[in-house]
Amino acid sequence: MTAKKDTSPAEEIRALRDQLNDWSHRYYGLDDPSVPDAEYDRAFRRLEELEAEHPDLVTADSPTQRVGEPPLDAFDEVRHDVPMLSLGNAFDEQELRDFDQRVRERLDVGGPVAYVAEPKLDGLAVSLLYENGELARAATRGDGETGEDITINVRTIKSVRLKLLSDNPPARLEVRGEVVMPHDGLAWLNKRQEKAGQKTFANPRNAAAGSLRQLDSSITAQRPLEFYAYSVAQLDGEDWPDTHSEMLERVRDWGLPVNEEVKVRDGLDAMLSFYQDIMERRIDLGYDIDGVVYKVDRLDWQEELGFVSRAPRWAVAYKFPAQEQRTTLKAVEWQVGRTGALTPVAKLEPVEVGGVVVSNASLHNIDEIRRLGLEVGDRVDVYRAGDVIPKVVRRVPAPSRKPPPSMRRRLRKKIKPQVRLRLPPASKYIPVLPWQRRISLPAKCPVCRSDIIAEAGGVIQRCTGGLICGAQQREAIKHFASRRAMDIDGLGDKLVDALVDQGLIKTVADLYDLQAEDVAGLERMGEKSAANLIEALEASKDMPLSRFLFALGILQIGEETAKALAEAFGDLESIRRAPLLLFLQVPDVGSEVAKAIAAFFAEEHNEKVIDGLLAAGVTPRSNGAPSRRFVDTLTLANFLSSAKILGMPLSGVGTKTLETLGRHYRHLDALLKAVGDGEDDSGVKAGTLEKLAEGLKADGWRTELQKAQAYADALAAKAPAGAADERPLEGQTWVLTGTLARLTRDQAKQHLEALGAKVSGSVSSKTARVVAGESAGSKLDKARSLDVDVIDEEEFIGFLAEHGIKLDD
DNA sequence: AGCCCTCGAGTTCT
DNA sequence: CTCGAGGGCT
């Protein structure tokens with residue numbers, strides 16, 4: 001596609017320019033990428049090169065000119081030839097009905113009127129003026145009469161054509177539309193802003209506005225903005241069409257993007273169903289919309305209808321119920337989670353956001369509070385996007401932060417508010433008292449008064465109380481009982497709270513001492529439910545080891561890591577006593593996870609709980625022996641490099657060298673002997689052994705390694721002999737999607753894992769195969785786009801049968 | 001050193 | 001479901 005060698009630079013530049021503009025138009029205007037990005041980039045760079053050599057050949061419509069211009073001091077004012085008006089609003093169905101009625105009465109038509117219905121994009125309205133087909137000026141709406149000249153910024157937006165796609169463009173054309181930032185663009189931008197230590201944007205609208213108001217257009221050039229045209233305000237040099245929809249077609253033909261959701265709809269019912277439909281798909285559109293705009297399609301009718309003061313009588317905006325609401329931050333409570341992590345929760349004046357009443361919102365951590373600049377009593381905006389989780393978006397700047405009248409009186413009289421001298425309630429919450437406006441980190445755990453330590457760069461605060469902490473006790477028990485852990489039916493959050501409050505249980509081990517009569521008296525618990533609970537507890541005594549490990553709630557150990565541990569070691573006792581270095585040999589366990597496991601088993605109270613569980617008759621089901629594959633990885637070389645990862649001082653001794661040493665000596669004893677004798681015949685660089693000797697002396701690493709080696713030797717003796725068992729899917733990652741008819745997702749997963757495959761939730765280039773059930777969605781699309789092998793349920797069942805797995809219906 | 005993929009953890013309301 | 005970060009690969 002690139003121009004040939006023997007053409008002149010001028011020709012090649014023109015060819016490249018046209019080609020790039022065409023691609024760009026297909027990509028941004030028609031949403032039909034016709035070339036890979038790499039090819040676009042290559043052509044783009046070639047054009048840059050040529051233009052650098054021939055500056056005289058650079059034209060204003062060259063794609064290279066979209067990168068911005070030197071910063072301005074301020075924007076010029078622009079007076080709109082035709083004012084940019086606002087729209088009347090309809091807030092419910094009745095108001096839309098009224099609108100349609102008024103239109104038909106004024107026009108005196110009996111039948112349904114055709115309207116252009118379009119999503120109301122939530123961005124920034126701009127006006128683009130084209131003179132003889134070239135973009136001459138771009139302006140913001142401003143107050144409708146006067147806006148700002150943002151031409152240099154708008155020129156950097158790729159979907160805005162700098163030159164109309166026409167041999168015979170109108171002499172003068174003013175197109176109006178909306179500049180928006182798509183959701184993925186915002187996510188990308190915020191990530192980048194964060195990395196650069198710059199402020200992030202709360203929503204796409206702010207981001208779009210902020211980007212367009214940059215005085216330095218090279219910044220705008222790097223912002224993912226899109227433009228959609230929605231009307232024509234001026235047209236000189238050719239005749240107007242009869243309808244608005246035809247006008248939009250023409251705009252499209254000129255190469256300017258018109259939103260693909262814009263449709264003509266006849267009459268009220270069709271208007272309403274358009275609204276319903278787009279509201280349901282709103283999240284999937286990829287950009288924010290805040291309603292629907294309806295415009296009478298026939299232009300002569302528009303003229304006939306005219307205006308009322310500042311709004312056209314022929315158009316109306318039907319807005320969605322607001323998804324952002326303003327309310328008051330009443331208090332911030334610190335919640336203590338299962339792992340001891342302290343999470344601030346905003347207690348809000350209840351407010352309806354997108355159909356549900358929200359009174360709580362997580363503030364995640366103290367950084368978020370500082371970033372938002374929150375104080376108790378502030379007005380805040382709460383947002384609920386496509387997701388369900390409410391979020392405090394921003395503090396509403398208040399004129400002042402004077403204390404409320406009641407408090408001012410108190411302060412004048414210098415009467416200190418009464419502090420109730422009472423121990424904190426045994427719940428996981430403790431409020432920040434209302435007169436404390438500043439939100440600060442608690443110095444001690446609000447529940448158990450233990451010390452708090454900062455983790456992960458100071459963002460996470462963690463209570464050190466462990467099982468001493470009432471909150472962690474409760475949460476640990478709830479986790480233990482949960483469906484994915486021990487699956488104790490009937491032991492829900494409420495019941496756990498009640499049992500702890502009554503002093504009946506403190507740890508999970510106490511659960512198994514419960515008698516039916518203990519429980520029966522409790523709230524909402526009859527004899528029948530009590531008996532059921534005891535039965536459920538009994539049933540939970542027989543659980544796979546992996547679930548049991550997960551249920552213990554060890555930091556960093558989720559379902560997957562628990563499975564890996566159970567599979568590798570084969571029984572609980574081997575895991576409990578294993579030295580740190582052994583954990584590091586388990587797949588997907590690194591230094592952090594290994595330390596967390598070792599720390600858990602080093603705690604005496606954890607040991608007690610485990611012993612209590614075993615004594616009560618809980619018998620984690622396991623295959624009893626370490627897996628062959630795991631034992632095979634317990635090599636001297638691996639121990640040495642793991643020790644280095646954990647901090648054994650071995651500077652100057654690379655991984656390769658450690659591997660060589662490990663392979664040569666095979667057993668730690670042999671290596672230690674060589675170190676002791678100062679004789680080395682492994683062929684590594686001279687001096688390496690001395691460094692190794694140094695490292696072994698430091699911090700008891702010699703002992704650590706010896707413990708690991710001895711443990712490995714013991715495990716090896718227990719492991720089944722011979723090669724790893726039959727695992728045909730070893731190393732493969734599969735993905736399940738859609739609904740399977742003949743087996744559940746969990747069953748399918750277990751079958752696959754039995755064959756050695758990993759089952760993952762998302763498709764990537766590393767996915768070996770996707771099993772697609774009924775109504776498979778985006779994962780299937782992704783699989784197709786990545787060219788990943790896809791089979792349906794029938795093929796999958798056949799595949800299982802080939803590997804000796806039969807389904808019993 | 002940097003990127004990609006998973007996994008863990010925390011969360012709201014009906 | 002989403003965010004963050006651990007782990008492993010290049």
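Just so it is clear: chains get the letters A, B, ... in the order the sequence lines come, proteins before strands, and each one is counted from 1.
- Nucleotide dC7(B) holds its P atom 5 Å from the CD atom of E560(A), rounded to whole Å.
- When the side chain to side chain contact (heavy atoms under 4.5 Å, CB included) test is applied to A187(A), no partner is found at least two apart in sequence or on another chain.
- A search for salt bridge (Lys or Arg N to Asp or Glu O under 4.0 Å) contacts involving D184(A) returns nothing, not counting sequence neighbours.
- Spacing between atom CG of L565(A) and atom P of dG8(B) amounts to 10 Å, rounded to whole angstrom units.
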N/O-N/O pairs, protein side and nucleotides 7-10 of chain C side, under 3.5 Å:
{"from": "dG7(C)", "atom 1": "OP1", "to": "G590(A)", "atom 2": "N", "distance (Å)": "3.0"}
{"from": "dG7(C)", "atom 1": "OP1", "to": "G590(A)", "atom 2": "O", "distance (Å)": "3.2"}
{"from": "dG7(C)", "atom 1": "OP1", "to": "E592(A)", "atom 2": "N", "distance (Å)": "3.3"}
{"from": "dG7(C)", "atom 1": "OP1", "to": "V593(A)", "atom 2": "N", "distance (Å)": "2.8"}
{"from": "dG7(C)", "atom 1": "O5'", "to": "G590(A)", "atom 2": "N", "distance (Å)": "3.1"}
{"from": "dG8(C)", "atom 1": "OP1", "to": "D588(A)", "atom 2": "N", "distance (Å)": "3.1"}

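- The CG atom of L646(A) sits 15 Å away from the P atom of dG6(C) (whole-angstrom rounding).
- Put simply, CD on E475(A) is 19 Å from P on dG8(B), counting in whole angstrom units.
- Every residue was checked against the side-chain hydrogen bond (donor to acceptor under 3.5 Å, both in side chains) condition with T561(A), not counting sequence neighbours, and none meets it.
- Separating the NZ atom of K595(A) from the P atom of dG6(C) is a distance of 11 Å, rounded to the nearest angstrom.
- Remark: C1' of dC3(C) and CD of E368(A) are 11 Å apart, rounded to the nearest angstrom.
- In this structure, CZ of F550(A) is placed 13 Å from P of dC7(B), rounded to the nearest angstrom.
- Contact between the side-chain N/O atoms of T339(A) and the OP1/OP2 oxygens of dG8(B) is not found at any separation under 4.0 Å.
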Output side-chain donor-acceptor pairs under 3.5 Å for residues 633-642 of chain A, partner residues at least two apart or in another chain, one line each.
{"from": "T633(A)", "atom 1": "OG1", "to": "F630(A)", "atom 2": "O", "distance (Å)": "2.6"}
{"from": "T635(A)", "atom 1": "OG1", "to": "N638(A)", "atom 2": "N", "distance (Å)": "3.2"}
{"from": "T635(A)", "atom 1": "OG1", "to": "N638(A)", "atom 2": "ND2", "distance (Å)": "3.3"}
{"from": "N638(A)", "atom 1": "ND2", "to": "T633(A)", "atom 2": "O", "distance (Å)": "2.7"}
{"from": "S641(A)", "atom 1": "OG", "to": "A637(A)", "atom 2": "O", "distance (Å)": "3.3"}
{"from": "S641(A)", "atom 1": "OG", "to": "N638(A)", "atom 2": "O", "distance (Å)": "3.3"}
{"from": "S642(A)", "atom 1": "OG", "to": "Q585(A)", "atom 2": "NE2", "distance (Å)": "2.8"}
{"from": "S642(A)", "atom 1": "OG", "to": "N638(A)", "atom 2": "O", "distance (Å)": "2.8"}

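- I460(A) places its CD1 atom 10 Å from the C1' atom of dG10(B), with the value rounded to the nearest Å.
- Among residues two or more places apart in sequence or in another chain, the side-chain hydrogen bond (donor to acceptor under 3.5 Å, both in side chains) test is passed with E349(A) by none.
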